[in-house]
Amino acid sequence: MARIVFVGAGSVEFTKNVLSDILTFPELGESTLVLHDIDAERLATAEAMANWMVAELGLGAKVEAHLDRRAAVDGADYVINEIAVGGYAATRVDFEIPRGYGLRQTIADTLGVGGVFRALRTIPVMVALGTDLAELAPHALLLNYTNPMAMIPRAVYEGTAFRNVIGLCHSVRDTQARLASLVEVPEEEVSFVTAGANHQAFVLKFEHKGRNLYPVLDEVIARDPELRRTVRVEMYRRFGHFPTESSEHGSEYLPWFLHHDDQVEHFRIPVEIYLRWSAENLGTYEETRRRLAAGEGVEIAPAGELASDVIHSIETGTPRVVHGNVRNGGLISNLPDDACVEVPCLVDRAGMRPTRIGALPPQLAALNRTILNVGELTVRAALEGRRDHVYHAVMLDPNASATLTLQQIHDLVDDMIAAHGDLLPEGVR
């Protein structure tokens, strides 16, 4: 059976969700589940949880736990990456220092100065992981969940000999479900084509039995003033296609919202919401640890996680369409070939086969290129040890450049580099 490795397994709530899926697929119930984390306490918690779940379901799955990454990935079939380099402390830095410069962020993990520095912390670890996989598990599939999604897979395929990497994100799936709900058509009856850059992909086709559903959506929006007070609806109105990212997250990829008090108020943008979510996750972890120590166990409920769906499709031949973040290579003809783009992928026993989209509408491609430019400079900064490219990336970031002067950006980057220190690549710090 499959050897499925969880890198960053100490992200216990996420690990629980994927394990719930895997262990409730009858065809995967005998898998070898390999847990890796650099935090011994969190790893022990994840191991106790996995063993409890296997025993509770009466399955024959094997559980291994390794502090050593190479031992964990040796011979892997699938590697699910969910690391957060620097943890909550680094996340706080990503918000607190920019706040001192008057720069607002909401999630700060995908673009903006927070996304740039999360990438710079993460890429050295991912390059080491990709190098290990090229040697120890060259046929494995690396399923990445760690943001920034347009940068992390790119760093692996540009910085290592390992190429079999795909990024997975819930935003397309959740957007398509939301749109179907708004127009009151069963999701399984809607024809979607959605593609672009991660967190700024757009719904290109939205049809029911050949009928364009966008006019129906327009009627729904016209009747609902609350919908009109969301960033994503405003972007749809201005750009002509519905974006895949939530309003709070999408606002920080753009220059038109967070710098303006009236826009923050009108569109109800929850500044720094991710700090609150992160603190709540710490509480969830402690409660899970307490329950396991008390013998109470955890809830086992299938979550429909994308990684488990991919593994199930490859292992059983069950066809599915999953949106993945992959090297472009002409899939979207008016975006750079080396960029990481998000497109529908057919998954079955043959693996994952991305869909060739062709050209995006020019206004969407132009917007995506502003996002991908920041990602390219950040990846080059990390792989080449180029501190100057860190400045360049933040200078070109839409939110930072709309808020700060060039000198302020330079000083902010210096402060961030000093704060994150040894977590950053050599040559940057």
Side-chain angles (χ1 to χ4, degrees), residues 7-8 69 73 76 79-83 85 109-111 115-169 195-201 323-343 345 351-354 356 365 368-394 396-397 423-429:
V7 175
R69 183 182 62 231
V73 303
V79 177
I80 303 170
N81 176 60
E82 48 192 290
I83 63 173
V85 178
D109 73 346
T110 302
L111 207 69
V116 167
F117 276 86
R118 180 178 285 249
L120 292 172
R121 297 193 302 272
T122 306
I123 287 172
V125 181
M126 295 304 298
V127 168
L129 173 60
T131 301
D132 287 346
L133 290 175
E135 176 189 350
L136 301 171
H139 302 298
L141 176 60
L142 174 56
L143 300 158
N144 176 66
Y145 274 92
T146 296
N147 281 321
M149 193 64 68
M151 303 185 207
I152 300 304
R154 180 171 183 167
V156 173
Y157 61 67
E158 288 198 3
T160 78
F162 189 78
R163 298 289 183 271
N164 201 20
V165 53
I166 186 164
L168 298 176
C169 175
N198 176 247
H199 289 179
Q200 281 295 323
H323 284 77
N325 291 270
V326 296
R327 184 181 182 275
N328 184 22
L331 296 172
I332 299 177
S333 59
N334 50 354
L335 292 181
D337 277 353
D338 288 340
C340 186
V341 296
E342 190 164 55
V343 297
C345 301
M352 300 195 70
R353 297 188 298 286
R356 190 170 298 276
N368 274 185
R369 284 193 291 268
T370 67
I371 295 164
L372 295 173
N373 289 339
V374 176
E376 177 181 3
L377 287 164
T378 304
V379 170
R380 290 187 180 280
L383 296 182
E384 299 171 13
R386 291 281 300 269
R387 184 175 177 132
D388 60 333
H389 282 336
V390 184
Y391 300 121
H392 299 151
V394 181
L396 290 174
D397 172 71
L423 293 176
L424 303 179
E426 289 188 34
V428 168
R429 58 181 187 259

With sequence neighbours excluded, give me every salt bridge (Lys or Arg N to Asp or Glu O under 4.0 Å) pair touching residues 117-126.
Asp94-Arg121
Is the closest side-chain heavy-atom distance between Ile332 and Val343 below 4.5 Å?
yes
For Arg356, all residues meeting salt bridge (Lys or Arg N to Asp or Glu O under 4.0 Å), sequence neighbours excluded
none
Scanning both residues in full, the closest heavy-atom pair of Ala381 with Leu120 reads CB-CD2, 4.2 Å
Closer than 3.5 angstrom, by distance alone: can the side chain of Asn144 be matched with the main-chain N or O of Gly167 as a donor-acceptor pair?
no
Measuring from atom CG of Leu141 to atom CD1 of Ile80, what distance do you get when rounded to the nearest 0.5 angstrom?
9.5 Å
Residue pair Ile371 / Leu111, side-chain heavy-atom distance below 4.5 Å:
yes
Which atoms form the tightest heavy-atom contact between Gln200 and Asn368, and what is the distance?
O-ND2, 2.9 Å
Check Thr146 against Ile83 and note the closest heavy-atom contact, atom names and distance.
OG1-O, 2.9 Å
Any side-chain hydrogen bond (donor to acceptor under 3.5 Å, both in side chains) involving residues 156-169? Give me the pairs, sequence neighbours left out, ordered by first then second residue.
Arg154-Glu158
When you compare the side chain of Leu396 with that of Thr370, does any pair of heavy atoms fall below 4.5 Å?
no
Pair Met149-Thr110, side-chain contact (heavy atoms from CB on, under 4.5 Å): steps then yes or no
CA-CA 7 Å; Met149 193 64 68; Thr110 302; 5.8 Å; no
Please examine the side chains of Pro138 and Leu133, heavy atoms only from C-beta on, and report whether any two atoms are closer than 4.5 Å.
no
If you compare all heavy atoms of Ala339 against all heavy atoms of Leu372, which two are closest, and at what distance to 0.1 Å?
CB-CD1, 3.8 Å
With side-chain hydrogen bond (donor to acceptor under 3.5 Å, both in side chains) as the rule and sequence neighbours excluded, what pairs involving residues 329-341 come up?
Arg327-Asp338
Listed by chain and number, what are the ring pair (Phe, Tyr, Trp, His ring centres under 6.0 Å) partners of Phe162, not counting sequence neighbours?
none
Heavy-atom closest pair (Pro153 atom, Cys340 atom, distance to 0.1 Å) is CB-SG, 4.0 Å
Using the side-chain contact (heavy atoms from CB on, under 4.5 Å) rule, take Val7 and Glu82 through it: C-alpha gap first, then chi angles, then the decisive distance, then the call.
CA-CA 6 Å; Val7 175; Glu82 48 192 290; 6.0 Å; no
Do Leu143 and Val79 have side chains that approach each other closer than 4.5 Å (heavy atoms only, starting at C-beta)?
no
Do Asn147 and Ile152 pass the side-chain contact (heavy atoms from CB on, under 4.5 Å) test, and can you show the C-alpha distance, the side-chain angles, and the key distance before you say yes or no?
CA-CA 7 Å; Asn147 281 321; Ile152 300 304; over 6 Å; no
When rounded to the nearest 0.5 Å, the distance separating CG of Leu377 from NE2 of His389 is 6.0 Å
For the residue pair His199 and Cys169, establish whether any side-chain heavy-atom pair is separated by less than 4.5 Å.
yes
Distance-minimising heavy-atom pair for Val85 and Thr122
CG2-CA, 3.9 Å
Any chance you could lay out the side-chain contact (heavy atoms from CB on, under 4.5 Å) test for Phe117 and Val390, step after step, and finish with the verdict?
CA-CA 9 Å; Phe117 276 86; Val390 184; 3.9 Å; yes
Residue pairs meeting salt bridge (Lys or Arg N to Asp or Glu O under 4.0 Å), one or both in residues 378-393, sequence neighbours left out, come to Glu376-Arg380, Arg380-Glu384, Glu384-Arg386, Arg386-Asp388, Arg387-Asp414
For a 4.5 angstrom cut-off between non-hydrogen side-chain atoms, does Met126 reach Asn81?
yes
Does any part of the side chain of Leu383, heavy atoms only, come nearer than 4.5 Å to the side chain of Ile123, both counted from C-beta?
yes
